[in-house]
J.: 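Can you keep this structure in mind? I'll have questions shortly.
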Protein chains: 2
Amino acid sequence: MTRVLVVDDDPAIVRALVINLRARQYEVDSAEDGAGALREAAARHPDVIVLDLGLPDMDGVDVIRRLREWSRVPVLVLSARHASGEKVQALDAGADDYVTKPFGMDELLARLRAAVRRAEPADGGDVVVETEAFTVDLAAKKVHRDGRDVRLTPTEWHLLEALVRAGGRLVGQRQLLREVWGPSYGTETNYLRVYMAQLRRKLEADPSRPRHLITEPGMGYRFEK
Amino acid sequence: MTRVLVVDDDPAIVRALVINLRARQYEVDSAEDGAGALREAAARHPDVIVLDLGLPDMDGVDVIRRLREWSRVPVLVLSARHASGEKVQALDAGADDYVTKPFGMDELLARLRAAVRRAEPADGGDVVVETEAFTVDLAAKKVHRDGRDVRLTPTEWHLLEALVRAGGRLVGQRQLLREVWGPSYGTETNYLRVYMAQLRRKLEADPSRPRHLITEPGMGYRFEK
DNA sequence: TCCGACCTTGACGCAACCCTGACGCGCCCG
DNA sequence: CGGGCGCGTCAGGGTTGCGTCAAGGTCGGA
């Protein structure tokens with residue numbers, strides 16, 4: 001879940017933002033001055049900060065500078081000032097975006113999404129699923145087992161991916177066939193048998209008694225951690 | 001030097017931007033429609049794009065979408081529309097910032113600096129990637145091996161860069177082709193074969209048995225440390 | 001104008017992959 | 001008790017994809 005830190009000395013704005021963000025499944029913290037902002041940022045490691053420039057205790061631009069000494073978290077500045085000098089200062093201090101009050105909530109949210117999206121893959125947004133026998137990295141398209149990489153053919157990988165992405169739920173054979181071989185393949189269940197066998201041979205400790213690539217007779221297959 | 005691509009159908013705006021940017025030591029290309037923008041982006045690999053939404057040949061939002069199919073270059077949108085719906089659309093399509101006309105030149109430049117600053121070191125984290133056989137310096141665009149520089153042609157370098165930036169993840173052949181040769185080259189997989197062979201000949205200890213530039217048959221290629 | 005570096009393009013051999021059919025086994029139901 | 005069904009296994013053959021080589025083309029510099 002994405003964590004947002006909202007910094008503003010006007011409780012009405014904080015409240016409005018918190019409500020809107022929480023409604024969209026963000027996790028939200030807040031602060032009402034610069035010192036609090038820096039403290040919260042260090043303690044909670046937010047994924048993005050919405051920062052009002054007009055704070056009671058210190059200059060907003062200084063807050064950005066202090067923050068940038070140790071963090072690259074995206075900062076979206078909120079300000080009543082329309083003067084371009086202010087904007088330039090804030091942006092050059094390290095802010096990522098600058099929105100003037102009064103602002104449209106949907107625009108702000110869109111800019112927030114943009115800021116978060118940008119930062120995401122830099123951290124290493126790998127989706128990794130682990131079992132006691134092997135490890136599947138969906139982003140890198142890599143399978144690890146006993147400390148070494150397992151080579152999968154394209155079809156084997158597609159099949160494994162379809163199962164793993166289902167997240168433990170049962171996947172019907174028809175759906176599996178369509179996902180891997182295309183929409184016109186609905187009945188060739190022998191394909192599934194062959195490739196499931198190959199996957200088990202490559203991934204399971206005891207291929208004849210699979211613990212992770214499970215057959216549900218008459219229905220489909222399931223991936224289990 | 002930072003390379004900027006300016007896209008606008010109004011010659012006056014293009015001229016103003018080009019002059020201002022060149023004066024600040026940017027390298028500037030320009031295009032006057034969506035097709036030209038995509039072509040230039042593929043050919044010149046700019047570090048940031050300034051894109052007017054009101055283009056004569058296609059919707060600006062579509063330009064962003066098409067661009068995002070193969071590139072993560074920062075896009076700064078320029079538009080006469082103030083409506084928040086437009087902004088949300090553009091930002092969610094993959095734009096990084098949105099400035100409404102008429103715009104202040106110093107503000108635009110500040111936003112441009114912010115976009116470039118963000119993108120630069122955020123890409124892969126490490127600027128220098130080492131393997132036991134060779135070293136790649138992404139910032140200096142240099143490859144070292146056995147204590148001496150390896151001469152790479154521009155295309156060889158683009159290809160190597162695309163692979164190294166992926167950081168061990170598999171890169172599909174289509175994506176690779178688009179990143180290196182441009183969006184219209186989706187099927188010429190023979191290019192990949194030829195240039196991968198050249199890279200391996202220059203970089204791998206045993207080119208016939210590559211340890212770092214790996215082929216995943218039917219899927220793509222992978223750089224491994 | 002010539003030369004070299006680089007990019008494109010086609011052809012060819014080989015290995016790997018995908019499909020396919022056959023067979024055996026266990027389970028359920030008649 | 002026997003037949004049918006679904007699943008796992010195996011091996012062979014057609015096809016695809018990859019690596020390699022070489023020739024032609026383009027562009028810029030000497």
Side-chain angles (χ1 to χ4, degrees), chain A residues 141 143 149-163 170-174 176-182 184-222, chain B residues 42-45 141 143 149-163 170-182 184-204 206-222:
Chain A
K141 295 205 196 317
V143 181
D149 289 348
V150 181
R151 269 190 49 83
L152 294 186
T153 71
T155 311
E156 285 163 7
W157 171 258
H158 279 143
L159 183 56
L160 179 63
E161 189 182 24
L163 286 171
L170 173 82
V171 188
Q173 0 206 24
R174 174 158 319 205
L176 223 37
L177 278 164
R178 297 212 164 133
E179 225 168 297
V180 178
W181 278 269
S184 58
Y185 292 74
T187 56
E188 287 82 346
T189 57
N190 47 330
Y191 294 9
L192 285 180
R193 295 204 293 278
V194 172
Y195 278 92
M196 283 301 299
Q198 290 186 0
L199 275 180
R200 296 207 253 244
R201 212 172 307 135
K202 288 185 177 179
L203 300 181
E204 294 275 3
D206 180 359
S208 64
R209 224 164 295 136
R211 304 197 39 177
H212 306 103
L213 301 168
I214 316 270
T215 302
E216 300 281 357
M219 311 188 61
Y221 294 86
R222 183 152 45 88
Chain B
R44 306 277 297 164
H45 287 270
K141 296 197 192 300
V143 182
D149 282 355
V150 181
R151 251 191 72 74
L152 294 186
T153 72
T155 308
E156 285 163 6
W157 170 257
H158 278 326
L159 182 57
L160 180 64
E161 186 183 26
L163 285 171
L170 178 93
V171 188
Q173 13 209 22
R174 174 161 318 211
Q175 187 188 339
L176 221 38
L177 279 165
R178 290 190 171 163
E179 242 170 275
V180 178
W181 278 269
S184 59
Y185 293 73
T187 56
E188 284 83 346
T189 57
N190 46 331
Y191 292 11
L192 284 180
R193 296 205 294 277
V194 171
Y195 278 91
M196 283 300 300
Q198 291 185 1
L199 276 180
R200 297 207 253 244
R201 215 171 302 135
K202 289 185 178 180
L203 300 180
E204 293 274 4
D206 180 359
S208 65
R209 223 163 301 133
R211 302 199 39 176
H212 306 103
L213 302 169
I214 314 273
T215 302
E216 299 281 359
M219 309 179 66
Y221 294 87
R222 179 202 309 283

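Order of the sequence lines fixes the chain letters, A, B, ..., with proteins taken first and strands second; residue numbering starts at 1 for each chain.
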J.: Which residues pass the salt bridge (charged side-chain N to carboxylate O under 4.0 Å, His left out) test with A/Arg200, sequence neighbours left out?
T.: none
J.: Testing the basics here: between B/Gly218 and A/Pro154, what is the closest heavy-atom pair and its distance to 0.1 Å?
T.: CA-CG, 3.8 Å
J.: Under 4.0 Å from any atom of DNA chain C, heavy atoms only: list the residues of residues 149-159 of chain B that qualify, in numerical order.
T.: B/Arg151, B/Thr153, B/Pro154, B/Thr155
J.: Could you identify which residues of residues 212-220 of chain B place a heavy atom less than 4.0 Å from some atom of DNA chain D, listed by residue number, or say none?
T.: B/Thr215, B/Gly218
J.: Looking only at heavy atoms, what is the nearest atom pair of B/Val171 and B/Ala162, with distance?
T.: CG2-O, 4.5 Å
J.: Would you please confirm or rule out a distance under 4.0 Å between OP1 or OP2 of C/dT8 and any side-chain N or O of B/Trp181?
T.: yes
J.: What is the minimum heavy-atom distance between A/Leu213 and A/Leu163, and which atoms define it?
T.: CD2-CD1, 4.3 Å
J.: Expressed as a whole number of angstroms, how long is the span from A/Glu188:CD to D/dG6:C1'?
T.: 16 Å
J.: Where the side chain of B/Ser208 is concerned, which of D/dT20, C/dC19, D/dC7 is the nearest nucleotide?
T.: D/dT20
J.: How close do A/Gly220 and A/Leu170 get, counting heavy atoms only, and between which atoms?
T.: C-CD1, 3.9 Å
J.: Calculate the interatomic distance between B/Leu192 atom CG and C/dT8 atom P; express it in whole Å.
T.: 11 Å
J.: Check every strand shown and say whether B/Tyr221 touches a base, only sugar-phosphate, or nothing at a heavy-atom separation below 4.0 Å.
T.: sugar-phosphate
J.: Kindly compute the distance separating OH (A/Tyr221) from CG (A/Leu159), expressed to the nearest 0.5 Å.
T.: 8.5 Å
J.: For DNA chain C, determine which residues of residues 193-202 of chain B have any heavy atom closer than 4.0 angstrom to one of its atoms, and list them numerically.
T.: B/Val194, B/Tyr195
J.: Would you kindly give the CZ-to-C1' distance between B/Arg209 and C/dA15, to the nearest whole Å?
T.: 14 Å
J.: Using the salt bridge (charged side-chain N to carboxylate O under 4.0 Å, His left out) criterion, which residues pair with A/Glu204? Sequence neighbours excluded.
T.: none
J.: Measure CG/A/Asn190 against P/C/dC18 and give the value in whole Å, please.
T.: 15 Å
J.: For residues 184-196 of chain A, please give each side-chain donor-acceptor pair under 3.5 Å, one per line with the distance, not counting sequence neighbours.
T.:
none

J.: Using side chain to side chain donor-acceptor pair (under 3.5 Å) as the criterion, list what pairs up with A/Gln173, not counting sequence neighbours.
T.: none
J.: Distances for protein N/O vs nucleotides 24-30 of chain D N/O pairs under 3.5 angstrom?
T.:
none

J.: List in chain and number order the residues that pass side chain to side chain donor-acceptor pair (under 3.5 Å) with A/Lys141, two or more places apart in sequence or in another chain; answer none if no residue qualifies.
T.: none
J.: Could you tell me which residues satisfy salt bridge (charged side-chain N to carboxylate O under 4.0 Å, His left out) with B/Arg211, sequence neighbours excluded, listed by chain and number?
T.: B/Glu132
J.: CD of A/Glu204 versus P of D/dG8: gap in Å, rounded?
T.: 12 Å
J.: Not counting sequence neighbours, which residues clear salt bridge (charged side-chain N to carboxylate O under 4.0 Å, His left out) with B/Arg151? List them please.
T.: none
J.: Who are the ring pair (Phe, Tyr, Trp, His ring centres under 6.0 Å) partners of B/His212, not counting sequence neighbours?
T.: B/Phe134
